[in-house]
Amino acid sequence: MTERLSEAQLDRAAALLRDGALVAFPTETVYGLGGDATNDRTVAAIFAAKGRPTFNPLIVHVTDLATAEKLADFDGRARDLARRFWPGPLTLVLKRSDDCPISRLASAGLETVALRAPAHPLAQTLLHAAGRPLAAPSANRSGHVSPTTADHVLDELGGRIAAILDGGPCRVGIESTVIDLSEPTPAILRPGGVTREQLEAALGRLAQTGNSGTPRSPGMLERHYAPARPLRLAATTVTPDEALLAFGAPLTGAAATVNLSPTRDVTEAAANLFAALRELDQPRFKAIAVMPIPESGLGAAINDRLRRAARGRAN
Ligand code: TXA
Ligand code: MG
């Protein structure tokens, strides 16, 4: 049985984590499936609970920059980004420090580690109480949509983890931006809660990535974020057997409609995206038609998730 813990029971969650158990917890982006990042058996259990391929490394969560600097080699750029965006939805991929105590399995055998200080107050309190870095991928089964409520987590992982700390719905709703700073040229491996525009204000112009060479993020290979229903993107019409994921003034004639943001606010749309996909992913619909969403701000991360979900169905 998976215990559902309230904020008042946070000490219980921390004790379970210190014992090596798996505890899902809220972050400002999505819920994470947490475990002691320094414990190999715990990290192995995270992969097993998610059904995640062990070549896909995990994000390690820390309270702050000072803690992170013991785990990885920070240069001026990395420190600058951490000072600007932590705590917050930015993950830094850096070279592991010489005496890095993080399980090698969390790095999936790479010489790098992905680090993030989350902004959610419960995540911060939990990290302090647990007293160790927490490996935490999104708390969904591998290949499924990330969870933004405790109920989503229980639907996916109930019975497979010791507990979930319930912090209500996640504020940002889309995963963190992952940026690789382990090589001379920084590369955005995954668009997310911190926008390219915000990163370029700090680092200068960033090259577009993703169409050539070896992928620097193993997770980019995975069929990700896919609902079971096919997704039809950039829909300008909708049929009566389709569900509609609307943005702005909705198209008419769909079997059911969820509107990500009636006022065309991409930040609001990001917060609603994963819950909306879950709600519309029902066998009675032939497909989910998705209205066009602008690429600006968090729109880039939303469209990245939608394109992967659509591609996932094609093969
Ligand atoms: O917002 C988030 O980032 C959430 C919350 C819980 O913090 N976590 C999350 O974790 O989305 P996950 O495991 O679902 O996604 C981590 C991504 C994957 O695409 C993985 O391949 C990449 O980060 N990643 C992790 N470590 C890496 C590394 N050392 N090098 C390259 N990519 C890495
Ligand atoms: Mg994930």
Side-chain angles (χ1 to χ4, degrees), residues 23-35 37 43 46-47 49-62 71-73 85-96 100 102-120 122-124 126-127 133-148 152-153 156-157 164-165 167 170-183 186-194 209-210 214-226 270 274 298 301 304-305 308-309:
V23 178
F25 63 92
T27 81
E28 75 280 20
T29 58
V30 302
Y31 275 77
L33 166 48
V43 173
I46 293 177
F47 281 97
K50 267 187 77 99
R52 180 173 185 138
T54 45
F55 56 77
N56 191 3
L58 308 178
I59 295 177
V60 174
H61 296 69
V62 294
L71 308 176
D73 295 340
F85 298 109
W86 282 4
L90 181 68
T91 297
L92 305 178
V93 173
L94 298 166
K95 289 247 150 59
R96 292 168 62 101
C100 180
I102 302 297
S103 162
R104 289 257 165 206
L105 186 54
S107 289
L110 300 172
E111 288 308 315
T112 54
V113 61
L115 297 173
R116 169 165 118 79
H120 196 293
L122 285 190
Q124 278 286 334
L126 185 67
L127 282 161
L134 297 177
S138 52
N140 50 279
R141 302 289 291 278
S142 186
H144 291 195
V145 173
S146 290
T148 54
H152 295 163
V153 177
E156 299 256 327
L157 297 172
I164 168 150
L165 181 61
C170 301
R171 176 171 56 82
V172 177
I174 203 150
E175 301 89 343
S176 62
T177 302
V178 181
I179 185 165
D180 184 355
L181 295 174
S182 68
E183 290 178 36
I188 297 177
L189 303 183
R190 177 178 75 180
V194 170
T209 46
T214 0
R216 280 158 83 174
S217 186
M220 305 304 263
L221 300 169
E222 240 189 315
R223 172 177 172 269
H224 249 154
Y225 315 111
F274 292 138
L298 290 186
D304 169 78
R305 304 307 185 272
R308 285 164 195 256

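In this chain, numbering begins with 1 at the start of the sequence shown. Start at 1 and go down the list; that is how both ligands and their atoms are numbered. Because only heavy atoms are used, hydrogens play no part in the values below, and waters and symmetry mates are left out as well, while side chains stay in.
Residue Gly32 approaches ligand 1 through these ligand atoms, each under 4.0 Å from one of its heavy atoms: 6 (C). Interface of Leu189 with ligand 1, defined as ligand atoms under 4.0 Å from a residue heavy atom, comprises 31 (C), 32 (N). Those atoms of ligand 1 with a heavy atom of Ser138 less than 4.0 angstrom away are 8 (N), 9 (C), 10 (O), 12 (P), 14 (O). For ligand 1 and Asn56, the ligand atoms under 4.0 Å from any heavy atom of the residue are 18 (C), 20 (C), 21 (O). Heavy-atom proximity to Ala114, at under 4.0 Å, picks out these atoms of ligand 1: 25 (C), 26 (N), 27 (C). Residue-ligand proximity, His61 to ligand 1, at heavy-atom distances under 4.0 Å covers atoms 5 (C), 6 (C), 7 (O). Interface of Thr112 with ligand 1, defined as ligand atoms under 4.0 Å from a residue heavy atom, comprises 28 (C), 29 (N), 30 (N).
Here the closest non-hydrogen pair linking Ile59 and Ser176 is CD1-OG, 4.0 Å.
Looking at Thr27 next to ligand 1, no N or O pair under 3.5 Å apart turns up. Distances between N or O atoms of Glu175 and those of ligand 1 include no value under 3.5 Å. Between Thr91 and ligand 1, not a single N/O pair is under 3.5 Å apart. Of the N or O atoms in Thr29, one or more lie within a sub-3.5 Å distance of an N or O in ligand 1. For ligand 1, the polar-atom distance check finds an N/O of Arg116 within less than 3.5 Å of one of the ligand's N/O atoms.
When Lys50, Arg52, Glu28 are checked for heavy-atom proximity to atom 12 (P) of ligand 1, Arg52 turns out nearest.
Between Thr29 and Arg116, the side chains place a donor N or O and an acceptor N or O closer than 3.5 Å (distance only, hydrogens not considered). Side-chain contact check for Arg305 and Ser146: no donor-acceptor pair (N or O, by modelled atom type) lies under 3.5 Å. Checked by atom type, the side-chain pair Glu175/Ser138 shows no donor-acceptor distance below 3.5 Å.
Tyr31 places a side-chain N or O within donor-acceptor distance of the main-chain N or O of Gly167, the cut-off being under 3.5 Å. When atom types are taken as modelled, the side chain of Thr177 and the backbone of Val194 share a donor-acceptor pair closer than 3.5 angstrom.
Under 4.0 angstrom from ligand 1, there are no non-hydrogen atoms of Glu111.
Close to ligand 1: Ala136, with a non-hydrogen atom less than 4.0 angstrom away.
Rounded to the nearest 0.5 Å, atoms CD (Glu111) and NZ (Lys95) are 8.0 Å apart. In this structure, CG in Leu181 is found 5.5 Å from CG in Leu92, a value given to the nearest 0.5 Å.
Using a 4.5 Å cut-off on side-chain heavy atoms (C-beta onward), Leu115 and Val60 make contact.
Coordination check, Ser138 versus the Mg ion (ligand 2): passed, since an N/O/S atom of the residue sits under 2.8 Å.
In this structure, the ring-ring contact (aromatic ring centres under 6.0 Å, His included) partners of Phe25, at least two apart in sequence or on a different chain, are His61.
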